[in-house]
Each structure stands twice: as structure tokens, then as C-alpha cells.
Amino acid sequence: MTMRLSLLFLSTGLFVSTTLAGQVPVVDGVIGGVPTSFSTYHETSRKFFTVSTAAATTPGKLRVKENTGICETTPGVYQASGYGDITANKSMWFWFFAARNNASTAPVALWFNGGPGSSSMIGLFQEHGPCRINNDTKTVSLNPFSWNNEVNMLYIDQPIGTGFSYGDLVDVGTSQAAAADVWSFLQIFFNDTRFAPYLPNKLALWTESYGGHYGPTFAAHILNQNSAIDAGTVSGVKLNLQVLGIGNGLTDALLQYPAYLTYAANNAYHPLVPANILDAATQAWNSTDGCQSLISACYNGGSNTTCTNAQFFCNNNILGPLAGQWDVYYVPTANPDPYPPNITDYLASIGAAAGADVAWQMTSPDVYDDFSFSGDWMRNSRPDLETVINSGVRTLIYDGDADFIVNYMGVEAMVDALDTQFSALYKQQSWSTYNVQGQPAGQYKNAGTFSYIRVFGAGHEVPAYKFGTLQYGQVAAQMFTQIMRNESLSPTEDAEELFEKRAAIYSSRIVLATRDMMGWDYNVASFTYDDNWRIHRRISQQHLKAESAHMYHPIQSRKVHDMMAGLLDSPERLEEHNKMLSISIPLTTMYGYEVKSLDDPVIVAADRSVELGLKVVALGGSLVNILPIFKYVPWTWTQRVTKEVKRLTEDMKRIPLEALLRDMAAGTAIPSLVGNFMERKQTAGATAEEEERRILNVANTVYSAAADTTISATKTFFYLLTTHQDVQRKAQAEIDRVLGSPRLPTFEDRASLPYIEAIYRETLRWYPPVVMGLPHVSTEDDWYKGYFIPKGTALFANIWAINRDEEKYGPDSYAFNPDRFFDKDGKLNDDDRILAYGFGRRNCVGKYVASSTLWLMMVTTLACFYLRKQKDEKGNEIEIDDEFDEHGLVGHKKEFQCDITPRSKEWRDVIEAARTQGYKF
């Protein structure tokens, strides 16, 4: 139920119309009307769509044309279009576009337009596909805000008879029947060898307009079928449904139809009709046998005829008349609005090349009539929507404020009436401004995994519109991307816009001349944005992604327990214990190298190499970074330091590898990233040497980069908890309540310790280790907010300042306050984005391992010890200053002393019992 129609309201109270590519049909002069023949309609009158070409169906299989070059012209991006033959007489059209980035692991999003009976090619070519129709209606242009930037998109024409789909229409007439056909199609799709690899990926269902019926019904059907498969009553493959998105959706007519009266009288643009028309429509709603009464009768077990009568009366007397002279899909414009441009001619020109068997139609009158006669329009889909939300599926309801036909006032009334696990919390939320590229573009609320947004300046097809100086589809792309990343809606500013939304041109790095002089060319974080970086990134993700992080838990637990034993023995040596923890974990996980002492030659080399090297690469650190020609000048400070750093770096890389090879020869090697590769090396063939170089680059990057940032975060944690005794007491009370008798916390406890989670978030918010982030370099010329950014420009994200945004964090944004991460009900909120891990495609690939290390260190320290300020000889607390030093790019709390004592004899015994082989100083 979107797209365009032409409607002229006359003062006589009659209205006539001509259709301009209408997604909601105009029937007998009524938008969304019902044919007057509905009283004599019989199912046997439904039609079979005749195929004009000689198409041989293949029941239970796909018929596909691949990589036609239509629409998606991004090099290397796969596409496929064609049919899934549900039966010999039912062929459902689809068009698949792989994600432009990381397609193999990216989610799959289904898209359905509304109507009922309207083609999903509308969404593809007018809204958010890889290309968008131009104003000439005959050509298309590449869409930079396509939803397939990060997500595999699957556009489906349904029900049968819609768009390019064709076949037997006898059982097409309700949302439930449509859901069954869609399920059958998806079973065929994901059983095809070309698409079966996507089956485990996250699945999302996005729709609009009549999708207010489709979305809840389809999603609930998928969940029910999954349960039936588990129960053994249905055969098939389960679908990993995790997201539902509905735009300007008709879900609950009883709640939404009164909003036609409200919106027509008072909206952000202008009144739609004079007072006499509004009065007549109001009477039509309120009268004894009026619209409200008819919808209520439909809801209360009404027959198909009862519900069809409600659609007939309400759309004749309320929906149609109240549109006035304005376009129902975009009220700022008089009817008819030629935007978005019609796609009929373009689809006629490419249909055969894409594999279509029939001529395309925007909206099928046969499908529409069948839904009208079944009474589906007026049936309530809100219960299904509530079921889906309560099942844990992340759900977004969105709409444009310039749409009349399913306007935001009605949608918001429906949302306010939802009865879900998040409804009470939602009602407590205040509206927040949704910024895109720093510009207010809407208002939104989040509650748990449910979100709602009203988009300013958008019509019925939200992604087709622009607002302010933003580009077409930019607002919709941001909300879509956030939800698909399993994030709640949040405003974005400059860093997100440039480094994430425009990641394709802001993901490179500065290549400093001193990097190679120091032998740091192994460091993946310093690679330019090219195929070499992509290969290394893929290796890193494979071994460090969230699903793999648990493999490192035993090593992390052992090393944290070692740190607790060290603090028990020599609490005054916190700095050394911190360094031991932060360096030993990456060395053990990457090489299986066990560090016994801070005098270990690897530690000495790594520590000194990083200390000296960061001074060289820091802003203003060396003239050679500005004028590379000076690297040839002998006897300079830079020459001396880089030579020493290179020697230390070679030691840092050589020693653990030699130790690993010795251990492997002796049969005593500990499983590790490099060790596991070396075991497979003999089967790697000619690529072994190159693969080994890449694995070693990743391993060396992890332990050289992770060590210093972990040291920084750990220092900050001890400082903050020592100086905030109220936070410490609250954390220890939670730990005692969850753990019961003294025992060391485990990773399984994390979900039960929300306050510790809040401390982890707040520590990294309050002082991120790399306060300015690493630079992102542009690879193309660009314009942003009126500024020209030339190719090769280095941009920094001021993470420290972003984390102190008072609009987001309140007037106490400079304070350390873990409570800011809790909602009004005392539940941990969904603000779990840790900016310290970076942005876009250059974010920290090891963030899941780093998060586990820091969390376990924090919770175990708080469980075992009291952290207090030291006292002087008179018993007065010795204050700790709040100064931090920058060691190159990484900031550190200046050295301080605190009193670290076991919380009780029982906790001392727990630490002793967990003591492993330990280490020495």
C-alpha cells in the first residue's frame, strides 16, 4: 500500500481519479475501494494468470539468471533473478542482490511491498535497491545508500499474480495464505546450492504499507513453522528470523482510522480538506452503523462479508474524501505527484533480460480484489505483531510524517496500544531527536529490542525521500543499518557518517615513512585500504569474531587468576601485574608462549619497542613523517630510534616463534593461532609461505596492539574504582548476590551481572585508551557539510569528546557514573556501543576478546579485593590526582598507589586455591 495515485476531490462531495502508477488501487473512484460486485463474488471466479511465453516450470526448484549486470554495477557483487516454482502452477518472482561488503556473513533481508498485490520492484527501483529510477523513467543510477551495502537483499513479488509472479490465484486472498506461499518459496530458495550458504545468517523481514498486515503475519508464521520443525510436525529448514521492520504499515484499523480525521485537520504541512468534509467524515466514523462500528464487528468474529463491508464504507466515506486535492502518499504536493518516477517503462525494457516470463504490473487488480473480498484489509494484525516482539525478534516501526494514506498519527496510536514486554518501558520514554550527519531528521524511541521512528519530510515510501541537505535515502539507510547490526536507533554525528556510512572512501590509513624504518610494516592496523588489508582482515575475523572468542576463555581465566595471585602477594606492584596480564594473554593465545617474568626477553623487547615507536609515530613525533626525504639524513634522533625499534621488533617477532617451533618439535606446544596454522602448513601447498606471513602479521599485530590499550584500560579501572567507593560497594553487593558463597566469577556469570557490565561500559566511555582514535584517510575527493575533503586527507574521531556529549549523556557526562546505562526500570539499557573500539571497517577486530579480558579482570578484582586510597602516617587518605599521560597515541593514567586488600579470609582462600603456576618478578 504505497506508490502513487491521482485523486481530485470536488466540492460536490464526489471525487474522480485517474491512476498514476497507483500502488493502492482506485476502485470505482475510491482509493482502497471495494468493487461493487463483491456481494456476488465467488472463489470460483478467481483467475489463473496465463503465461505469454513458453516457460517450463520446475516445481520445488529455482529458475535463475545470474549476474545480468542490471541495476547493480558494483564490481564483484553477485546478483540473481528469476522464479521459485512453488508448484507447477505457482511461480514466485525474486531478485537477489548480494551485500557489497562481506556477503558470505552478512544478514539476508527480505523485502515486500504492500497493496495488497503491489510489486516489490517498487522498493527495489524507487526506494532502497542498488540502483534508483531516474526522472526520465527509462534509466537508473547507482544508489550509494542502497540497503545491500551491508546486507544481502532479497526482493520478492508476492502474492502469486503480483508484479512478475504468476500462476493460480484460487487460494490467494489473505495474508495468512500469502505467508504460507512465502514460506514455501523460502524453503526452495535456501535449499538451492547457490543460496544455502546464507541459511545460517541472520534473517530479516522488511515491508511497508499493507506490510502492516504482511510483516506480523509472515513473521509469526515463520516462528510457528520453526517451532513445528522442532516438534517434528513439519519438515523443512528453520529460518533464522531476527529482525522485523515495518514502514507506514496498516496493522490495526480500529486504532488507525481515527487518525485520518486528526491528520487531515492538523499535520506538519497544511489542512487537507475544508471543515464540512471533515465533519462529514467524523460523522461517518461515529454514527451507529458507521466505520467504527463496522470495524468493531469485523474484529468480533465478523465474516468475510462483514469485514469487506467495513473496508467499503470506511474508505468510501473517510479515507478517500479526507485526502482532498493532495497526494495521499506525499501531502505537501498536489495530486498527482510525479515523484517517485514511474518504473513501468524501465521494467518493460529489462524484464526479459532479467528472466521474467510475463509483463510486469505494479499492482494486480485480481490479487487486490481477492484480498478485498476476503475481508483481510480490516482484520487486526496487532496480536501477531505483539507475538513477534515478545519472541525476541528486534522490531522497528517507522513512518514518514508527510504520508496520509497510512499516516504516523495512526501508526503511533497502534504502537502506543501494543501489549508487549517492552510496552511499559516504551511509554516511559521521551522523544529523542534522530540526527543524521549531525542534522535532525526525525524523532524516535527505543525500548528493549523495539524501536519506533517518525522520519521528517518523508512520504509513504520513506527511503525514496530526502530531508534538509541530506541525500535521498540517507536517513532510511542509517536506521536500516543500525537495526540490522542489532543496535537500537541512535543519532549519528560526523564520525559515524564519514567512517561508517561512507566507509568505502574513509577506511584507509596514513603510511608514515617511519613505519617501515621501524619494521612495523607487519602491523595490519597500519595497512592501506586495499586487497592486502582485506585478506588480513578476513583472517583476523575468522579467528577473533564473537563466535570464536570463547576459545580463548580458558587462557584468559588462567591469566586473570594469576593476576589476582600477584595482587595478593605484592599489591604495591599493580603496574607490573597489569603489564603481565595485558601482554601474556595475547602472547599465549597467538603463540602459546608462556610468560613467567617481566624480565622475559619478549616482554622487554615488546615493551621498549612500543614505548619508543609510539613516540615516533605520534603527531609531531618525527620530521620524517612530514618530509620523508629526511629519512636519508644520517645520525638524526629518528635514525637512531627507528633503528633500535626495528631491532627490538625483530626480537619481539622472532623469540615467540622460535619457542613455538621448539615446543612443537618436543610435542609440548599449547594450542594457539600460529601453532594451529603451523600444524596445517604441510597441507597448504604453494601458498604456505604467503599464508604464514599473513598469519604472523595478524598474530604480531594482536599482541603488540592489544597490550598497551589493555594496560591503559586496566589502569583507568583501578583508578576509578578506588576513587568511587559507592560504585565499588554497589558492584560488590551485586557480585555477592549472584555468586552466593565466595567463588571466582566465570564468563557464564556475565549476563547476571548488569552493574559490572555498566562499569565496563562506563570505564571505556570515561577514558578511551586511544582518545583520538587512529586516523582514517580518504581515498576519494568528497564534500561534507559544505567542506571539501581532498583525497588523501587524514581525519581523526575525537572519541573523548563524543563520549562526553551532554545531549546523549546528560549534564554529568564528565562524571564517572555507571548508572547512566540503566533505564527507568533499573534494567541495563541497550547503549552498548563502545567507541573505544573504533569505527566502520577499521574497528578493532579483536574487540570481543578484549571485552572478555577486561570484563573478567574487572569482576574478579571486585569480587576478591577492596580498592581504597592509601593513608599517610596520620591516617588521612592520600588523594590521587586525575592526570593522564599520552604515550604516543595511547593515554595512560599517571602512576598512582592504592590499597589493595582481600575482602575476607574466604576470598583469600579462593585466590590461593585458584593459583596456577604463577610468575615471578
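FYI, side chains are in, hydrogens and waters are out, and symmetry mates aren't considered; it's all heavy atoms of this structure.
- With hydrogens and angles left out, the side-chain atoms of T87 and N89 include no donor and acceptor closer than 3.5 Å.
- With values rounded to the nearest 0.5 angstrom, R100 atom CZ is found 11.5 Å from E150 atom CD.
- Atom SG of C71 and atom CG of N148 lie 8.5 Å apart (nearest 0.5 Å).
- At least one side-chain heavy atom of M479 sits less than 4.5 Å from a side-chain heavy atom of Y434.
- Atom CG of N486 is separated from atom CZ of R394 by 4.5 Å, given to the nearest 0.5 angstrom.
- Between the OG1 atom in T74 and the CD atom in Q79 there is a gap of 10.0 Å [rounded to 0.5 Å].
- Using cut-offs of 30° and 60° on the angle between ring planes, the pair F218 and Y214 is parallel.
- Side chains of T251 and S381: no donor on one and acceptor on the other come within 3.5 Å.
- Here the two rings, on Y198 and F96, have centers that are under 6.0 Å apart.
- Screening L110, L186, V108 for a side-chain contact (heavy atoms from CB on, under 4.5 Å) with L239, the sole residue that qualifies is L186.
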Take N113 and Y210 through the side chain to side chain contact (heavy atoms under 4.5 Å, CB included) test and state the conclusion after the steps. CA-CA 7 Å; N113 275 89; Y210 204 79; over 6 Å; no
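- Between E461 and Q126 the shortest side-chain heavy-atom distance falls below 4.5 Å.
- For the pair I343/V140, no side-chain contact is recorded, criterion being any heavy-atom separation below 4.5 Å from C-beta on.
- In this pair, Y83 and W93 present their aromatic rings perpendicular. The plane angle is above 60°, beyond the 30 to 60° band.
- Two residues are said to be in side-chain contact when any heavy atoms from C-beta on lie closer than 4.5 Å; R841 and N101 meet this criterion.
- Summarising the geometry of G161 relative to S364, their closest heavy-atom pair is O-CB, 3.3 Å, with the distance given to 0.1 Å.
- H128 has its ring centre no less than 6.0 Å from the ring centre of W206.
- For the pair F195 and L154, the minimum side-chain heavy-atom distance is 4.5 Å or more.
- The structure places OG of S119 at 5.0 Å from CH2 of W360, a figure rounded to the nearest 0.5 Å.
- Scanning both residues, D403 and G459, for their nearest heavy atoms gives CB-C, 3.8 Å.
- Between Y398 and Y444, the gap from one ring centroid to the other reaches at least 6.0 Å.
- Salt bridge present: D192 and R194 bring a charged side-chain N and a carboxylate O closer than 4.0 Å.
- Checking Y330, Y329, Y465 one by one against Y339, the ring-ring contact (aromatic ring centres under 6.0 Å, His included) holds for a single residue, Y465.
- Residues T137 and Y346 form no side-chain contact, since every pair of their non-hydrogen atoms from C-beta on lies 4.5 Å or further apart.
- Ring geometry for F185 versus F94: interplanar angle of 30 to 60°, hence tilted.
- Between E72 and L142 the shortest side-chain heavy-atom distance falls below 4.5 Å.
- Residue I86 comes nearest to I188 through the heavy atom pair CA-CD1, 3.9 Å, listed as atom of the first residue, atom of the second, then distance.
- Minimum interatomic distance between G33 and S372 (heavy atoms only, all atoms of both residues): O-OG, 4.2 Å.
- A pairwise comparison of heavy atoms in L255 and A417 identifies CD1-CB, 3.4 Å as the closest pair.
- When every heavy atom of N315 is checked against every heavy atom of G32, the shortest pair comes out as ND2-O, 2.6 Å.
- Between the side chains of S374 and D376, no donor N or O sits under 3.5 Å from an acceptor N or O.
- Considering only heavy atoms from C-beta on, Y408 comes within 4.5 Å of Y452 through its side chain.
- Using modelled atom types, one finds a donor on one side chain and an acceptor on the other under 3.5 Å when comparing D85 with S91.
- Just one residue in the list L396, L418, V393 forms a side-chain contact (heavy atoms from CB on, under 4.5 Å) with F450, and that residue is L418.
- Between the OG atom in S184 and the NZ atom in K90 there is a gap of 7.5 Å [rounded to 0.5 Å].
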